[in-house]
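Reviewing the structure listed below.
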Amino acid sequence: MSRLVVVSNRVAMPDKTGSASVGGLTMALAAALQQYRGVWFGWSGETTPTFTGQAHICETRGVTIATIDLEAQDVQEYYNGYANTVLWPLFHYRIDLTEYERAFGEGYARVNSRFAETLLSQIRPDDMIWVHDYHLIPLAQELRRRGLKNRIGFFLHIPWPACQLMTTLPHHQDLVEALFAYDLVGFQTQDWLSAFHGYVTDELSGDVHGDGRVSAFGRTVIAGAFPIGIDAENFAEILRTPAAAKSYDRAAATNVYRDLIMGVDRIDYSKGLEERFAAYDQFLKTHPEFRERVAYLQIAQTSRGDVEAYKDISTRLDGVAGRINAAYGTLDWTPLRYVNRSYGRDVVAGVYRAAKIGLVTPLRDGMNLVAKEYVAAQNPRDPGVLVLSRFAGAARQMKAALIVNPYSREDVADAIKRGLTMPRAERIQRWEALMAGVQTENVSAWRDAFVAALKASQSQLPEAQFTEAQLTRRPAAGRSLGRPL
Ligand code: ADQ
């Protein structure tokens, strides 16, 4: 049986007890790796004065973990720079926040080359390689240049931008060409896949064949939509833990006379938190009869604190929350509690269950797992209502949610009211439809579909797509991602 080699920017193997704070993606990848006796390769999160090219190797429950340390300049240019100041905002349709610098592109290319250099020695001839996310788009190209012919798949966890936006990226063609070194390229939804097709046909005059094959740059890849899900069974187990029960009891007791509205997010401009707070303000303003009868709890964990665009978000949220509480709060009612920290999955699960409304209103999101976790945590006999942004990939599957436009505070405010007053029978009907999807379109289904498609790509793609020249070809001088044309 061939091994699966998973590559992601960071590696986070769950501990033996299945730590309560580990995310659904980590658990799924860990399970897949155990099944395939795999290797998980990525950055350790540590820095070193000089890159050594040596991986730290350890074995955890049948999985080989291989990590590398990066130089501080790598982290600044590749991670904070190209990945999180260029690609993340661009792919989330925020070109106003994209700050392109050539050094970022150079750092991105350098780290991908360092990943490839170190990874190469770990790979056996029949291994399948599965690369994750926007940090590592050029990795297959770097591996091919070193002669690797194994099957390599790539999964993009975030959206793919519309062609008009993509073309604002300097050297965008080089980045897309790098995707054509994979055999399989996976997107979360049909929308992002269609946007990729649009780029290929409009910008590259490439071909989108009806059977999933896409051709450009003299190469053919398979491109498909593989919507990620959560580990619903594991989530149900977490809900049965004493910590989840305690968290539920506390949230329910604090809000015994009130309906709880909740949100759980990383602090990120793509999650639409300021717009969500404004929508709640609108709701309280236009529906005074609900004041003191609802409480909104927003759990928001700081992320990417070293990136400029993230630095002020928390302060601004503090300000808006303060204004809402000052305007509407009473002696014994705080309308909005904004908690800037991370909680274990068990604690979050308990709060989800106590919440009558789950507010998931990103401005743009590849999928959004919080929407699925909220549904999985509900009491089947008295479920809450999911209010979901139409711009989350999850909206494609979760049609029984109240779908809103997060840019319209009135739209979101109306949905909050509708959710709070929705008859129980309708809540149950909607929840059952949502839950059926969460259970079947789960993380194992995602993983299995991707791995099966990667295996199948073997028979769908030309046997030897790479001539020796293509395998070793470097971009023409001055055409790397970081240098001027
Ligand atoms: P994220 O942008 O991180 O993921 P999301 O899918 O919502 O977004 O996953 C966040 C996870 O972190 C959830 O499991 C949530 O419970 C947890 N979490 C968030 N804030 C937390 C907090 N304060 N305390 C505790 N837990 C918290 C990216 C893409 C998404 C895509 C996923 C998976 O941006 O669109 O769904 O990858 O592919």
Side-chain angles (χ1 to χ4, degrees), residues 6 8-10 12 14 19-29 83-84 87-89 91-94 130 132-135 154-160 186-189 191-192 225-232 234-235 238-239 243-244 247 262-273 297-304 310 313-314 317 337-353 355 358-377 386 388-389 391-398 438 441-443 445-447 450:
V6 166
S8 55
N9 171 54
R10 291 291 299 275
S19 159
S21 63
V22 166
L25 175 63
T26 307
M27 300 294 276
L29 291 179
N84 287 329
L87 295 184
W88 178 274
F91 282 37
H92 286 86
Y93 289 58
R94 291 297 305 269
W130 186 3
H132 289 265
D133 235 1
Y134 58 101
H135 314 84
F154 175 80
F155 184 77
L156 184 67
H157 289 261
I158 65 176
W160 182 269
F187 299 89
Q188 298 270 23
T189 68
D191 292 333
W192 317 138
F226 300 87
I228 198 168
I230 62 163
D231 186 341
N234 174 260
F235 208 79
I238 289 174
L239 264 178
S247 155
M262 87 166 302
V264 179
D265 303 79
R266 281 187 306 101
I267 294 188
D268 193 299
Y269 44 81
S270 67
K271 302 294 181 187
L273 288 166
L297 171 63
Q298 177 64 52
I299 299 177
Q301 173 188 9
T302 300
S303 66
R304 302 177 193 164
Y310 288 74
I313 305 178
S314 193
L317 289 175
R337 272 183 307 138
Y338 160 48
V339 194
N340 178 196
R341 55 168 289 191
S342 165
Y343 288 92
R345 292 173 68 67
D346 41 14
V347 174
V348 172
V351 185
Y352 279 143
R353 194 173 176 93
L359 268 187
V360 182
T361 56
L363 303 179
R364 194 70 56 174
D365 217 331
M367 175 55 65
N368 194 295
L369 296 178
V370 170
K372 298 185 175 188
E373 290 169 355
Y374 175 74
V375 167
L386 174 65
L388 179 61
S389 162
F391 302 117
R396 267 261 172 185
Q397 296 166 300
M398 306 184 85
V438 168
E441 293 157 343
N442 61 18
V443 76
W446 167 75
R447 179 195 68 203
F450 190 92

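Below, all heavy atoms of this structure are taken into account, side chains as well, without hydrogens, waters or symmetry copies. We count ligands from 1, going down the list as the structure has it; atoms in each ligand are counted the same way.
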Close N or O approach (Ile228, ligand 1; < 3.5 Å): no

Location of contacts on Arg345 toward ligand 1, heavy atoms closer than 4.0 Å: side chain

Residue selection (non-hydrogen contact nearest atom 26 (N) of ligand 1) among Phe155, Phe235, Tyr343: Tyr343

Identity of the nearest option to atom 35 (O) of ligand 1, non-hydrogen atoms only, from Val370, Asp365, Thr302: Asp365

Atoms of ligand 1 close to Arg266 [distance to a heavy atom under 4.0 angstrom, numbered from 1]: 1 (P), 2 (O), 3 (O), 19 (C), 20 (N)

Any Phe91 heavy atom less than 4.0 Å to ligand 1: no

Subset of ligand 1 atoms that lie under 4.0 Å from at least one heavy atom of Lys271: 1 (P), 2 (O), 7 (O), 8 (O)

Numbered atoms and elements of ligand 1 in range of Tyr352, under 4.0 angstrom, heavy atoms: 16 (O)

Under 3.5 Å donor-acceptor, Arg364 side chain and Ser270 backbone: no

Carboxylate-amine/guanidinium proximity below 4.0 Å for Lys372 and Glu441: no

Ser303 side chain to Ile267 backbone, donor-acceptor under 3.5 Å: yes

Modelled atom types, side-chain donor and acceptor of Ser314 and Tyr338, under 3.5 Å: yes

Ligand 1 versus Asp265: contacting region, heavy-atom distance under 4.0 Å: backbone

Which of the ligand 1 atoms, numbered from 1, are nearer than 4.0 Å to a heavy atom of Trp88: 34 (O)

Donor-acceptor pair, side chain of Gln188 and main chain of Ile228, under 3.5 angstrom: yes

Asp133 side chain vs Leu156 backbone, donor-acceptor pair below 3.5 Å: no

Donor-acceptor side-chain pairing of Asp231 and Asn234 below 3.5 angstrom: no

Plane angle bin for Tyr310 and Tyr269 - parallel if under 30°, tilted between 30 and 60°, otherwise perpendicular: tilted

N/O separation below 3.5 Å, Met367 to ligand 1: yes

Ligand-residue contact atoms, ligand 1 with Gly366, heavy atoms, under 4.0 Å: 35 (O)

Proximal atoms of ligand 1 relative to Gln188 (non-hydrogen, under 4.0 Å): 31 (C), 38 (O)

Test of proximity, His92 against ligand 1: N or O pairs below 3.5 Å: no

Matching residue for Trp130 among Phe154, Phe450, Phe226 - test: ring pair (Phe, Tyr, Trp, His ring centres under 6.0 Å): Phe450

